[in-house]
Amino acid sequence: MVTPRVLSRVFYARDTVMVARELLGKFLVHYLPEGTAIGRIVETEAYLQNDPACHAARGLTKRNRVMFGPPGHAYIYFIYGMHYCFNVVTREEGVGEAVLIRALEPISLPKDRQASNLPRRVGFQPAPKVNLCRGPARLVQAMGITKACNGFDLTNKGPLVIWAAENVPSEKIVTTNRIGIKAGQELPLRFYAADSPYVSKKIKTKFRGENSEVR
DNA sequence: CTCTGGATTGAC
DNA sequence: TCAATCCAGAGG
């Protein structure tokens, strides 16, 4: 078996939409004490600095400061009083842009179940594989990612890295508007692998000619 | 200091 | 359709 190549800084230091599209098919890897968690990225969203839905749209704050830092770092934020979401920082230092990872195809999860560290998950039976990493907050739990990972360098030796892999070909990428936001809802900044059953939701898109898909 | 709403999820 | 659950950010 060949040693996988970790995506380097130059991969992330580019146009955020391009990074969001090219992250599809790559492998998110987390080295945990109990084993290695691996998931194949199948759904992403781009957040741009001049985009009202972006945390960085109104300038540098304590929460979003890693978005303005060097590319290839993890930006993790707390939302809805109970969930965390995982992003990768893009563009050069000083520009606040990132890609939200919205779904993974589970490849290897040491804890092959939904994490039970949140009250609502306690006592839950193991979830079907298709649901384990379907959704940004679910994948964070299944991969063992926590707020302590905020700011981690993904281009280093770990514990959190992304392995290079072949791009999902352009004709197999569906483009839609982003999920769960209000401002900026009209922008075509969500991307997913058309063939994957592990995508959070397949929605009607307004964006014809972008491999729009229904349901 | 107070207030509002959110890049979600799971239950009803 | 809606509650859970809490903090970031904006405004006074």
Side-chain angles (χ1 to χ4, degrees), chain A residues 12 16-17 19-21 23-24 28 39 41-69 73-91 95-104 106 109 111 113-151 154 174-192 197-203 205-207:
Chain A
Y12 300 102
T16 301
V17 167
V19 174
R21 296 176 65 95
L23 276 173
L24 298 176
L28 178 60
I41 298 170
V42 297
E43 178 182 350
T44 61
E45 283 178 0
Y47 286 87
L48 311 179
Q49 195 158 5
N50 66 343
D51 149 21
C54 180
H55 288 174
R58 283 163 300 282
L60 178 69
T61 66
K62 186 163 77 168
R63 176 175 66 164
N64 67 23
R65 67 182 169 74
V66 340
M67 291 184 82
F68 288 90
H73 286 244
Y75 169 53
I76 294 157
Y77 66 87
F78 184 60
I79 190 70
Y80 292 121
M82 58 183 72
H83 298 300
Y84 292 92
C85 294
F86 169 79
N87 302 248
V88 303
V89 174
T90 58
R91 300 285 303 271
V95 178
E97 302 196 354
V99 174
L100 172 69
I101 308 301
R102 282 196 58 91
L104 306 172
L109 297 177
K111 313 174 281 184
R113 56 177 176 78
Q114 304 229 1
S116 58
N117 54 331
L118 283 185
R120 297 176 67 139
R121 297 276 170 93
V122 170
F124 273 41
Q125 291 300 108
K129 181 182 174 188
V130 75
N131 286 335
L132 284 175
C133 300
R134 212 188 62 190
R138 285 172 166 175
L139 96 249
V140 158
Q141 287 212 138
M143 292 291 292
I145 294 169
T146 69
K147 64 181 175 186
C149 305
N150 188 40
L154 303 170
V174 181
T175 303
T176 78
N177 44 328
R178 293 169 294 180
I179 305 288
I181 57 167
K182 292 179 180 164
Q185 181 273 347
E186 73 286 358
L187 300 171
L189 294 176
R190 174 173 177 252
F191 309 97
Y192 65 82
Y198 300 97
V199 166
S200 68
K201 31 171 86 156
K202 313 239 168 170
I203 61 171
T205 174
K206 318 169 187 175
F207 308 108

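Order of the sequence lines sets the chain letters (A, B, ...), proteins ahead of strands, with each chain counted from 1.
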Find the distance [X]:[atom1] to [N]:[atom2] and express it as a whole number of Å.
X         : N       : atom1 : atom2 : result
Asn150(A) : dA8(C)  : CG    : C1'   : 14 Å
Ile101(A) : dT8(B)  : CD1   : P     : 14 Å
Arg190(A) : dT8(B)  : CZ    : P     : 10 Å
Arg134(A) : dG10(B) : CZ    : C1'   : 12 Å
Glu97(A)  : dA7(B)  : CD    : C1'   : 15 Å
Glu45(A)  : dA7(B)  : CD    : P     : 10 Å
Asn64(A)  : dA8(C)  : CG    : C1'   : 10 Å
Ile76(A)  : dA7(B)  : CD1   : P     : 16 Å

Please state whether the phosphate of [N], meaning OP1 or OP2, lies under 4.0 angstrom from any side-chain nitrogen or oxygen of [X].
X         : N      : value
Thr61(A)  : dG9(C) : yes
Lys62(A)  : dA8(C) : no
His55(A)  : dA7(B) : yes
Arg102(A) : dT8(B) : yes

What nucleotide, of [options], holds the atom closest to the side chain of [X]?
X         : options                 : answer
Arg58(A)  : dA7(B), dC7(C), dA10(C) : dA10(C)
Leu100(A) : dA7(B), dT9(B), dT5(C)  : dA7(B)
Ile181(A) : dT8(B), dT5(C), dA7(B)  : dA7(B)
Met67(A)  : dA7(B), dA4(C), dT9(B)  : dA7(B)

I need the [X] [atom1] to [Y] [atom2] distance, nearest 0.5 Å.
X         : Y         : atom1 : atom2 : value
Leu189(A) : Arg21(A)  : CG    : CZ    : 11.0 Å
Asn150(A) : Arg65(A)  : CG    : CZ    : 6.5 Å
Leu109(A) : Met143(A) : CG    : CE    : 7.0 Å
Leu23(A)  : Leu100(A) : CG    : CG    : 11.0 Å
Ile181(A) : Arg190(A) : CD1   : CZ    : 11.0 Å

(message) Under 3.5 Å for both donor-acceptor distances, Watson-Crick or wobble: does dA7(B) have a partner, and if so which one?
(response) none

(request) Please work out if Arg63(A) contacts a base, only the sugar-phosphate, or nothing of the nucleic acid, heavy-atom cut-off 4.0 Å. (result)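 Sugar-phosphate, backbone atoms only, no base.
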
(message) Under 4.0 Å, counting only non-hydrogen atoms across every strand here, what does Tyr80(A) touch: a base, just sugar-phosphate, or nothing?
(response) base

(request) Establish whether the base of dA7(B) is bridged to the side chain of Tyr77(A) by a donor-acceptor pair shorter than 3.5 Å. (result)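 Side chain to base: pair found, below 3.5 Å.
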
(message) Stacking between Tyr47(A) and dA7(B), defined as ring centres under 5.5 angstrom apart with planes under 30°, is that present or not?
(response)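 Stacked: ring centres under 5.5 Å, planes under 30°.
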
(request) Could you give me the CA-CA distance, side-chain angles and deciding distance for Glu97(A) and Arg91(A), then say whether salt bridge (Lys or Arg N to Asp or Glu O under 4.0 Å) is met? (result) CA-CA 7 Å; Glu97(A) 302 196 354; Arg91(A) 300 285 303 271; 3.5 Å; yes

(message) Can you check the distance between dT2(B) and dT5(C), where both ends of the measurement are the P atom (answer in whole Å)?
(response)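 Roughly 22 Å separates the two P atoms.
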
